[in-house]
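The shown structure was predicted, so the numbers you read here are calculated from the model rather than taken from an experiment. Whatever order the structure lists ligands and atoms in, that order sets their numbers, starting from 1.
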Amino acid sequence: MKDHLVAQFAARFGRPPEIVTRAPGRIEFIGNHTDYNGGPVLGAAIDRGIWVALARRDDGVRVFASDQRPAVVKLPATTAPARQTGDASWVNYPLGVLAALPVFGLPVPGGFDYLAASDLPPGAGLSSSAAIELASALAFVAATGTTVERGVLVQAARHAENHFVGVPCGILDQGVSGFGRRDHLVYIDCRGPRFETVPLPAGVQFRIFNTHTKHALVDGLYAARHRECLAAAAALGVAQLVDATAAQVTAAALPPVEARRARHVVDEIARVGATVAALRAGDLAAVGRLLTASHESSRTLFENSTAELDFLVAALTASPHVYGARLTGGGFGGAVMALTTAEFGAADAEAVAAAYAARFGTRPDILETRTGDGAERIS
Ligand code: GLA
């Protein structure tokens, strides 16, 4: 990937880049909609991501290009970053990071040539947005000749997503992309936030089944769930749902929708803790049961699953080689993640995809992926 990026950069800009960075995509392992409720979450950085090459310019112009999009955007470094629309809207990720840097007391680079390249499958729910934010943030910081603590970089990237791109996400995606480690999961206590890694027992595999379905209202539904959780917390008299107990939720006379959302979040928080304990004990069967229970709770209580995702989880968990499966990410369409033994082969995955195609008339994409390291400067 690096050679491809450097060659493309030289072809476009007539000189080599000064800085190359990369940041991975992520899988949400367990902890569905716990992050913005102050709870814990477990994710895995994967071995694919977004790469950024950059060279400074001394004429105060910033040029943004990507191997994924035709639009090249040129902007003066002297004016504050303004939101782009239409074909140019991909630039909102690096622009949002530029706008976030001063909020965290970090210096901002002047003019530069910038090229992004990706080996993440698009629209697969693997958080290409967090990957481009983290890779850009690292490149911009390097361009100012400074370094920054990883936790601050992660928060600046999330700030870009919340305040510039306009998605009210929690810290899962940026935290996992920032703190990923090969053969490990990233555990985030979202209250701090505090980041740790947890070893992944050997011999497991990840498979992602991307349905390419997306509820038309997915952004609005995510924001609605966020609001419902805040309303439930307020009704329970706590600042965030992480501060509520299961007994409190049971005892409170919450409106039915809020009661279901709160029940999901409180139980899911307990499942994340139980998953860490099961991973440390090497009990993969227990981990798998927790993953599948998480999906069941998303289906019935958080109501962010779909018939397509439910079908995949049912088909996958019927296999003796699958520990567990669940929707991964925000939900309302998107992808299912399965944790499998090494025996779960291409033919098994194909059988699931064929059954899905027979039922829904389209094939899901299958991605076999490995864990990978977090965001880093390559050169
Ligand atoms: C999306 C968001 C995350 C998180 C998940 C649900 O991926 O970006 O912050 O809220 O949904 O767990």
Side-chain angles (χ1 to χ4, degrees), residues 23-46 92-93 96 120 122-134 154-180 185-193 195 208 210-211 214-215 217-230 233 240-242 261-262 264-272 275 290-291 293-295 297-299 301-306 309 326-337:
R26 66 98 187 91
I27 301 169
E28 176 189 288
F29 190 75
I30 192 167
N32 194 238
H33 290 256
T34 52
D35 60 359
Y36 58 79
N37 287 300
V41 62
L42 271 172
I46 63 169
N92 287 329
Y93 297 105
L120 267 182
L126 299 171
S127 206
S128 53
S129 55
I132 190 171
E133 286 157 1
L134 261 300
V154 162
Q155 304 232 43
R158 181 196 171 186
H159 191 276
E161 185 86 34
N162 290 167
H163 299 283
F164 199 88
V165 179
V167 178
C169 67
I171 200 146
L172 161 70
D173 307 342
Q174 291 80 14
V176 173
S177 184
F179 282 89
L185 298 174
V186 179
Y187 173 89
I188 309 176
D189 175 345
C190 300
R191 259 180 305 192
F195 306 90
I208 309 291
N210 179 16
T211 64
K214 185 175 170 186
H215 198 292
L217 300 174
V218 62
D219 295 341
L221 287 166
Y222 185 90
R225 288 297 178 278
H226 197 158
R227 277 196 306 276
E228 289 158 5
C229 289
L230 294 181
Q240 290 180 291
L241 283 177
V242 67
R261 308 302 184 245
H264 166 82
V265 172
V266 168
D267 290 354
E268 186 75 353
I269 286 171
R271 275 188 290 269
V272 176
T275 304
L290 288 157
L291 297 177
S294 164
H295 182 81
S297 177
S298 291
R299 185 178 77 79
L301 297 174
F302 212 68
E303 296 172 282
N304 60 335
S305 188
T306 60
L309 300 173
R326 58 181 293 275
L327 70 83
T328 180
F332 310 110
V336 159
M337 171 208 89

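Below 3.5 Å of separation, one finds no N or O of Tyr36 facing any N or O of ligand 1. For ligand 1, the polar-atom distance check finds no N/O of Ile171 at less than 3.5 Å from any of the ligand's N/O atoms. Considering backbone and side-chain atoms alike, Leu172 places every N or O at 3.5 Å or more from each N or O of ligand 1.
The aromatic rings of Phe179 and Phe195 lie parallel to each other, with less than 30° between the two planes, well short of the 60° mark.
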Next on the checklist: Between His33 and Tyr222, does the side chain to side chain contact (heavy atoms under 4.5 Å, CB included) criterion hold? Intermediate values first, please.
Outcome noted: CA-CA 9 Å; His33 290 256; Tyr222 185 90; 3.5 Å; yes
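Under a 4.0 Å criterion applied to the non-hydrogen atoms of Gly170, ligand 1 contributes the atoms 9 (O). The Tyr222 neighbourhood of ligand 1 comprises atoms 1 (C), 2 (C), 3 (C), 4 (C), 9 (O), 10 (O), 11 (O), with distances under 4.0 Å to a heavy atom of that residue.
By the 4.5 Å heavy-atom criterion applied to side chains, Tyr187 and Val272 are counted as neighbours. At least one side-chain heavy atom of Arg326 sits less than 4.5 Å from a side-chain heavy atom of Asn32.
For the residue pair Ser294 / Glu268, a side-chain donor-acceptor distance below 3.5 Å is found, with atom types taken as modelled.
The protein heavy-atom contact nearest to atom 8 (O) of ligand 1 is Asp173 OD2, 2.6 Å. In terms of protein heavy atoms, atom 9 (O) of ligand 1 is closest to Asp35 OD2, 2.6 Å. Of the protein's non-hydrogen atoms, Glu28 OE1, 3.5 Å is the one closest to atom 5 (C) of ligand 1.
Checking Val176, Leu42, Thr275 one by one against Leu185, the side-chain contact (heavy atoms from CB on, under 4.5 Å) holds for a single residue, Leu42.
His226 places no side-chain N or O within donor-acceptor distance of the main-chain N or O of Tyr36, the cut-off being under 3.5 Å.
The closest approach between Gly31 and ligand 1 falls below 4.0 Å for a heavy atom of the residue. The closest approach between Arg158 and ligand 1 stays at or above 4.0 Å for every heavy atom of the residue.
With a 4.0 Å heavy-atom cut-off, ligand 1 is reached by the side chain of Arg26 but not by its N, CA, C or O.
Between Arg261 atom CZ and Glu303 atom CD the span is 4.5 Å, to the nearest 0.5 Å.
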